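Along the sequence shown, residues carry numbers from 1. Keep in mind that the numbers below use all heavy atoms, side chains included, and drop hydrogens, waters and symmetry copies. The structure displayed is predicted, hence computed values, not measured ones.
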Amino acid sequence: MLSELYERIYIYDQFDKTDTDGDGLYDIVETAGIRLCNGQIIYTDPNLPDSDGDKLDDGVEIDPVPTYTDKFRLEDEIIVHSSELVFGFSSNPELIDTDFDGAHDDKDFTPNVINPYISYIFYPKAGEDFLENEADVRYKRMTNKDGKMVQKFATTDIDDFEEHWNQMGIKGGKIAFQIDEVHLIYHGGPRTISIFDGGNLCADNSTNGIQYIYVYGDKSDDMIINDLEQKNINYLNLSSCNNGNIDFDSNDAYVGFDDNMAISFLKSKHNIKRVSAWDGNAVYEGFYVNILGADLSIQVEFAKMSESFTKWSRIVNGKDRRPKGKLIYYKDNTGSVVYRKVN
């Protein structure tokens, strides 16, 4: 039995205690098997200090010294007590991501416990009241109705936006939360999100702008999507006008039109499952009603045409078209970005 072997090694000092890779675990233990406190038996490589390549030595993920644990079993209606030596562990040295929550053990705040989900709402601190009101309506709906953990960020400029974005899901310098929803409530256009007067978040650093298209670099404090730290996000909601304009797609034959913000996020270094965005100018009307003593949030949203929308449509299509409204962009089984209309 492994427990008897451990006793002979650690209690009675009867075996060679060579540690070839210097990870804190004896070679004989790594090859004979390591019984964890949860009953699982694992094997590590005595010649590699970091068997799974997660940048944590095996002796860091496993407590190098076993301890006794009590065991109880029922025999002939009598409870029999025994104890055995087992190893405690903070993470599994056979797995890069012990709890399978998407965060590698070396970057995970709790590598042996699945990180909870959290959502975020961004909006301009000094913007129009209706943007803040929209953020407030969503916050109350997501927390009260959906029961989500939500944090709001009122940003002052692009640097403040970047700082808050980079801290999403982070605690103590490590990943402590999985990111569920992110809502960006700002003004913008097909290829930009305007962080009020403090700069723009742009699809990319293209300077080949055409008529009516914002060109990266018009402001010295502009930045692009890939300047932000990489994040894994289930659902990104872009509230800016025309962030999902279907005429801005690099697959289009018209030379000079690049991808809209929704497509650009999906094609970026970020791992995002779905992006919702507007084809047309977004209009939000949110308010509260009291029904039988309970405050309920009501939100109405729709898209409308604008002068700039009409100009873009005429350049690409040679005619006016009506906006499709709110769209969901995602990657299909082939990896191509496609969209569908929100019902």
Side-chain angles (χ1 to χ4, degrees), residues 116-171 176-189 192-201 225 228 231 233-244 261-262 265 272-304 306 323 325-329 342-343:
Y117 280 101
I118 190 171
S119 297
Y120 297 91
I121 298 173
F122 290 74
Y123 64 98
K125 186 173 184 178
E128 292 92 336
D129 289 342
F130 79 90
L131 295 175
E132 183 175 355
N133 291 340
E134 175 62 23
D136 189 48
V137 167
R138 293 194 200 184
Y139 178 83
K140 291 185 177 180
R141 184 185 71 243
M142 293 167 68
T143 54
N144 297 338
K145 180 181 177 181
D146 301 333
K148 294 178 181 289
M149 185 191 311
V150 184
Q151 189 170 358
K152 289 196 300 182
F153 291 140
T155 59
T156 56
D157 54 31
I158 193 67
D159 292 331
D160 190 37
F161 175 87
E162 179 186 19
E163 180 178 351
H164 286 303
W165 173 282
N166 293 347
Q167 286 303 308
M168 287 196 303
I170 303 299
K171 179 181 179 180
F177 301 94
Q178 299 182 74
I179 303 173
D180 188 17
E181 299 184 16
V182 177
H183 296 248
L184 305 185
I185 305 175
Y186 298 92
H187 288 299
T192 58
I193 294 174
S194 177
I195 312 300
F196 200 54
D197 290 330
N200 296 278
L201 180 65
I225 290 172
L228 302 170
K231 298 293 178 181
I233 301 171
N234 282 340
Y235 170 60
L236 176 62
N237 187 337
L238 303 179
S239 301
S240 304
C241 298
N242 286 291
N243 269 186
M261 289 296 286
F265 265 108
I272 303 174
K273 294 181 179 178
R274 297 178 300 133
V275 180
S276 68
W278 288 94
D279 177 54
N281 280 39
V283 178
Y284 296 92
E285 294 181 359
F287 52 91
Y288 299 97
V289 295
N290 187 284
I291 300 178
L292 300 178
D295 289 329
L296 300 177
S297 64
I298 305 297
Q299 184 183 46
V300 178
E301 54 185 28
F302 56 92
K304 67 178 184 179
S306 65
K326 195 170 188 178
L327 306 175
I328 296 289
Y329 283 85
V342 176
N343 296 328

Peer 1: Please determine, by modelled atom types, if R138 and S239 share a side-chain donor-acceptor pair under 3.5 angstrom.
Peer 2: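 There is such a pair (donor and acceptor under 3.5 Å, judged by atom type) between the side chains of R138 and S239.
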
Peer 1: Identify the two heavy atoms, one from D279 and one from G244, that lie closest to each other, and give their separation to 0.1 Å.
Peer 2: CB-O, 3.8 Å

Peer 1: Using every non-hydrogen atom in the two residues, find where S119 and D180 come nearest and quote the distance to one decimal.
Peer 2: OG-CB, 3.5 Å

Peer 1: Tell me, do N242 and N281 make a side-chain contact under 4.5 Å, heavy atoms counted?
Peer 2: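 Yes; the side chains approach each other to less than 4.5 Å.
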
Peer 1: With rounding to the nearest 0.5 Å, note down the distance linking NZ in K125 to CG in L131.
Peer 2: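 One gets 15.5 Å once the value is rounded to the nearest 0.5 Å.
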
Peer 1: Do E163 and T155 come close enough that some side-chain heavy atom pair is under 4.5 Å?
Peer 2: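 With C-beta onward as the side chain, the pair stays apart.
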
Peer 1: Would you say the ring centroid of F161 lies under 6.0 angstrom from that of F122?
Peer 2: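 Yes; F122 has its ring centre under 6.0 Å from that of F161.
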
Peer 1: Quick one: salt bridge (charged side-chain N to carboxylate O under 4.0 Å, His left out) partners of D160, sequence neighbours excluded?
Peer 2: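 D160 satisfies salt bridge (charged side-chain N to carboxylate O under 4.0 Å, His left out) with no other residue.
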
Peer 1: Backbone N or O of I179 within a donor-acceptor pair of the K231 side chain at under 3.5 Å?
Peer 2: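 Not confirmed, K231 side chain does not pair with I179 backbone.
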
Peer 1: Determine the minimum heavy-atom distance between W165 and V182, stating which atoms define it.
Peer 2: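 Heavy-atom minimum between the residues: CZ3-CG1, 4.3 Å.
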
Peer 1: Using side-chain heavy atoms (C-beta onward) and a distance below 4.5 Å, is L228 in contact with L201?
Peer 2: yes

Peer 1: Out of curiosity, H187 NE2 to I193 CD1, how far, rounded to the nearest 0.5 Å?
Peer 2: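 CD1 of I193 is found 12.5 Å from NE2 of H187.
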
Peer 1: Sequence neighbours left out, what passes side chain to side chain donor-acceptor pair (under 3.5 Å) with E162? Give chain and number order.
Peer 2: none

Peer 1: Sub-3.5 Å donor-acceptor pair from the side chain of Y120 to the main-chain atoms of F153, do we have one?
Peer 2: no

Peer 1: For Y186, does its backbone N or O pair with a side-chain atom of S240 as donor and acceptor, under 3.5 Å?
Peer 2: yes

Peer 1: For the CD atom of Q178 and the CD1 atom of I118, what is their distance to the nearest 0.5 Å?
Peer 2: 11.5 Å

Peer 1: Suppose we screen for side-chain contact (heavy atoms from CB on, under 4.5 Å). Which residues come up paired with A277, at least two apart in sequence or across chains?
Peer 2: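 Counting only residues at least two positions away or on another chain, A277 forms a side-chain contact (heavy atoms from CB on, under 4.5 Å) with L238, N243, A262.
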
Peer 1: What is the distance from atom OH of Y123 to atom CD of E132, rounded to the nearest 0.5 Å?
Peer 2: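 That separation rounds to 4.5 Å.
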
Peer 1: Do N237 and K326 have side chains that approach each other closer than 4.5 Å (heavy atoms only, starting at C-beta)?
Peer 2: yes

Peer 1: I need the H164 NE2 to K152 NZ distance, nearest 0.5 Å.
Peer 2: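 NZ of K152 is found 13.0 Å from NE2 of H164.
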
Peer 1: At what distance, to the nearest 0.5 angstrom, does CZ of F265 lie from CG of L236?
Peer 2: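 F265 CZ to L236 CG: 5.5 Å, rounded to 0.5 Å.
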
